[in-house]
Amino acid sequence: MRIARFSIDGNVAFGAVEGEGTVESGGLVLDIIKGIPYTDFELSGTKVPLSKVRLLPPVLPNKVVGIGRNYAAHAAELGNEVPDVPVAFFKPTTSVIGPGDAIEYPSFSRELHYEAELAVVIGRMCREVPRERVQDVIFGYTCANDVTARDVQKRENQWARAKGFDTSCPLGPWVETGLSVAAAGDLTLQATVNGEQRQLGRTSDMIRSIEDLVVHITEAMTLLPGDVILTGTPAGVGPLAPGDEVAVTIEGIGTLTNKVIKRG
């Protein structure tokens, strides 16, 4: 099931996406969910065309935990070694935007990069999750763009400002709940800029698997429903400029599209 979060007539709700096609092509409708989707829920039977609503970030995470250098080719393209343990960082909730929202080019950077990523959405409060229970704590998966001020990352030698600025975490267009951990671990993902393919990889190329990451993160902290794990990006990252349209597409999930504008 594809679960979207949306606004219509000033109200915010969740809905199950039905039909075939894309956000842009039409043909999709939303069956409004009674309540929130992290617990047992019912479909209301009240349906609205997707074209009549504004899609929001599919979740509002308490925290976004990113994982750096989880694809060997990406680490190599930036001149980095593959780390011995997963490199974790945070993106604040104020960095999260939804499909169609603008990525604001930060005034303190001159080198903004896209990073297409598979995002894991947590479905229940969890801590110290054993590997065999990872499937039980995952709500679903969505597309993410870990937008990064690369020059700031290099200059400051830390990632808080470089990856945590406002609008640096596009998520969407919805959460796909029907994928197993095994299936999510072998999907094609790509990024395009202005329609030109820039990244192409498979989640099976991740150094640490989804199970590895959930186990590693929950050894240290409690994850809450709606929290997001960014699993890393394949090779091919590169610059964005104001006016660019960047799209992240993941097999079996969908396409997340955002435009870049000057912050102002």
Shared hydrophobic cluster, Val120 / Leu187 (ILVMFWY, side-chain heavy atoms < 4.5 Å): yes
Which donor-acceptor pairs under 3.5 Å do the side chains of residues 121-131 make with protein atoms, sequence neighbours left out?
from: Arg124; atom 1: NE; to: Asp136; atom 2: O; distance (Å): 3.2
from: Arg131; atom 1: NH1; to: Asp212; atom 2: OD1; distance (Å): 3.3
from: Arg131; atom 1: NH2; to: Asp212; atom 2: OD1; distance (Å): 2.3

Would a distance-only check, ignoring hydrogens and angles, find a side-chain to backbone donor-acceptor pair under 3.5 Å from Ser7 to Gly10? no
Heavy-atom distance under 4.5 Å between the side chains of Thr93 and Val64, does that happen here? no
Glu111 meets the side chain to side chain donor-acceptor pair (under 3.5 Å) criterion, sequence neighbours left out, with His113
Start with the C-alpha distance between Asn11 and Phe6, add both sets of side-chain angles, then the distance that settles side chain to side chain contact (heavy atoms under 4.5 Å, CB included), and finish with yes or no. CA-CA 8 Å; Asn11 299 308; Phe6 65 95; over 6 Å; no
Once you round to the nearest 0.5 Å, how far does OG1 of Thr218 lie from CD1 of Ile229? 8.0 Å
Quick one: which residue pairs count as a ring pair (Phe, Tyr, Trp, His ring centres under 6.0 Å) with a foot in residues 41-79, not counting sequence neighbours? none
Value for CG (Leu179) from CG (Asp186), rounded to nearest 0.5 Å, stands at 11.5 Å
Test Leu30 against Val17 for side chain to side chain contact (heavy atoms under 4.5 Å, CB included), laying out the working first. CA-CA 5 Å; Leu30 288 161; Val17 182; 3.6 Å; yes
With side chains defined as the heavy atoms from C-beta onward, is the minimum distance between Val48 and Val53 less than 4.5 Å? yes
Tightest non-hydrogen contact, residues Pro57 and Pro99, listed as N-CD, 4.5 Å
Quick one: name the residues clustered hydrophobically with Val260, using the 4.5 Å side-chain heavy-atom rule over I, L, V, M, F, W, Y, and just say none if it's on its own. Ile97, Ile103, Tyr105, Phe108, Leu112, Tyr114, Val147, Val152, Phe165, Val193, Leu240, Val246
Would you check if Val228 and Val65 make a side-chain contact, meaning some heavy-atom pair closer than 4.5 Å? no
Decide yes or no for Met206 and Thr231: does some side-chain heavy atom of the first lie under 4.5 Å from some side-chain heavy atom of the second? yes
Output for pair (Ser168 OG, Glu104 CD), nearest 0.5 Å, gives 11.0 Å
Which residue pairs pass the ring pair (Phe, Tyr, Trp, His ring centres under 6.0 Å) test when at least one of the two sits in residues 168-209, sequence neighbours left out? none
Pairs in or reaching into residues 162-183: which pass salt bridge (charged side-chain N to carboxylate O under 4.0 Å, His left out), with residues at least two apart or in two chains? Glu115-Lys163, Asp146-Lys163
Say whether, by atom type as modelled, one donor and one acceptor occur between the side chain of Ser109 and the main chain of Ala149 under 3.5 angstrom. no
Is a side-chain donor or acceptor of Thr177 paired with a backbone partner of Met1 at a separation under 3.5 angstrom? yes
Applying side chain to side chain contact (heavy atoms under 4.5 Å, CB included), run through Leu230 and Ile67 and close with a yes or a no. CA-CA 6 Å; Leu230 305 183; Ile67 300 295; over 6 Å; no
If Ile, Leu, Val, Met, Phe, Trp and Tyr residues are connected whenever their side-chain heavy atoms lie under 4.5 Å apart, and connections chain through other members, are Leu60 and Leu224 in the same group? no
The reported gap from CG in Leu200 to OG1 in Thr192 (rounded to nearest 0.5 angstrom) is 11.5 Å
By the rule that ILVMFWY residues connect when side-chain heavy atoms come within less than 4.5 angstrom, directly or transitively, which residues belong alongside Val82? Ile207
Do the non-hydrogen side-chain atoms of Gln190 and Gln197 ever get within less than 4.5 Å of each other? yes
Look at the side chain of Thr142 and the backbone N and O of Ala119, then say whether any donor-acceptor pair between them is shorter than 3.5 Å. no
Would you check if Phe139 and Ile3 make a side-chain contact, meaning some heavy-atom pair closer than 4.5 Å? yes
Which heavy-atom pair separates Ile261 from Pro242 by the least distance, and what is that distance? C-CB, 4.3 Å
Would you say that Ile253 contacts Arg2 through its side chain, given a criterion of any heavy-atom pair below 4.5 Å between the two side chains? no
If we ignore hydrogens and angles and just use 3.5 Å, is the side chain of Asn145 paired with the main-chain N or O of Pro170 as donor and acceptor? no
Spacing of OG1 belonging to Thr188 relative to CD1 belonging to Ile250, to within rounding of 0.5 Å: 10.0 Å
Which pair of heavy atoms, one from Ala235 and one from Ala73, lies closest together, and at what distance? CB-CB, 3.7 Å
Only pairs at least two apart or in different chains count here, so list each side chain to side chain donor-acceptor pair (under 3.5 Å) that has a residue in residues 33-56. Glu18-Lys47, Arg54-Asp101
Sequence neighbours excluded, which residues qualify as side chain to side chain donor-acceptor pair (under 3.5 Å) partners of Arg161? Glu156
For a side chain to side chain contact (heavy atoms under 4.5 Å, CB included) check, start with the C-alpha distance between Asn70 and Glu117, then their side-chain angles and the critical distance, and finish with the verdict. CA-CA 10 Å; Asn70 199 30; Glu117 309 206 6; over 6 Å; no
Do Val215 and Leu213 land in one hydrophobic cluster if side-chain heavy atoms of ILVMFWY residues count as linked below 4.5 Å? yes
I need the full list of salt bridge (charged side-chain N to carboxylate O under 4.0 Å, His left out) pairs touching residues 55-83, with sequence neighbours left out, sorted by first then second residue. Lys63-Asp227
Answer with yes or no whether the hydrophobic clustering places Val96 together with Ile36; edges join I, L, V, M, F, W, Y residues whose side-chain heavy atoms lie under 4.5 Å apart. yes
Residue pair Ala4 / Leu55: nearest heavy atoms and the distance that separates them: CB-CD2, 3.9 Å
Does Ala116 offer a backbone N or O that forms a donor-acceptor pair with the side chain of Thr233 under 3.5 Å? yes
Let me confirm one number: the OG1-CD distance from Thr249 to Gln199, rounded to the nearest 0.5 Å. 11.5 Å
Exam field: side chain Asn258 to backbone Gly98, donor-acceptor pair closer than 3.5 Å: yes
Would you list the pairs meeting salt bridge (charged side-chain N to carboxylate O under 4.0 Å, His left out) in which at least one residue belongs to residues 231-260, sequence neighbours left out? Arg202-Glu251
Answer yes if Met221 and Val137 sit in the same cluster of Ile, Leu, Val, Met, Phe, Trp and Tyr residues linked by side chain heavy atoms under 4.5 Å apart, and no otherwise. yes
Tightest non-hydrogen contact, residues Val175 and Pro58, listed as CG2-CB, 3.7 Å
Under 4.5 Å between side-chain heavy atoms, chaining through other members, with only Ile, Leu, Val, Met, Phe, Trp and Tyr counted: pull out the rest of the cluster around Val87, sorted by chain and number. Phe89, Trp159
Do Leu118 and Ile210 touch side chain to side chain, with heavy atoms closer than 4.5 Å? yes
For Ala16 and Leu43, work out which heavy atoms get closest and say how close. CB-CD2, 3.7 Å
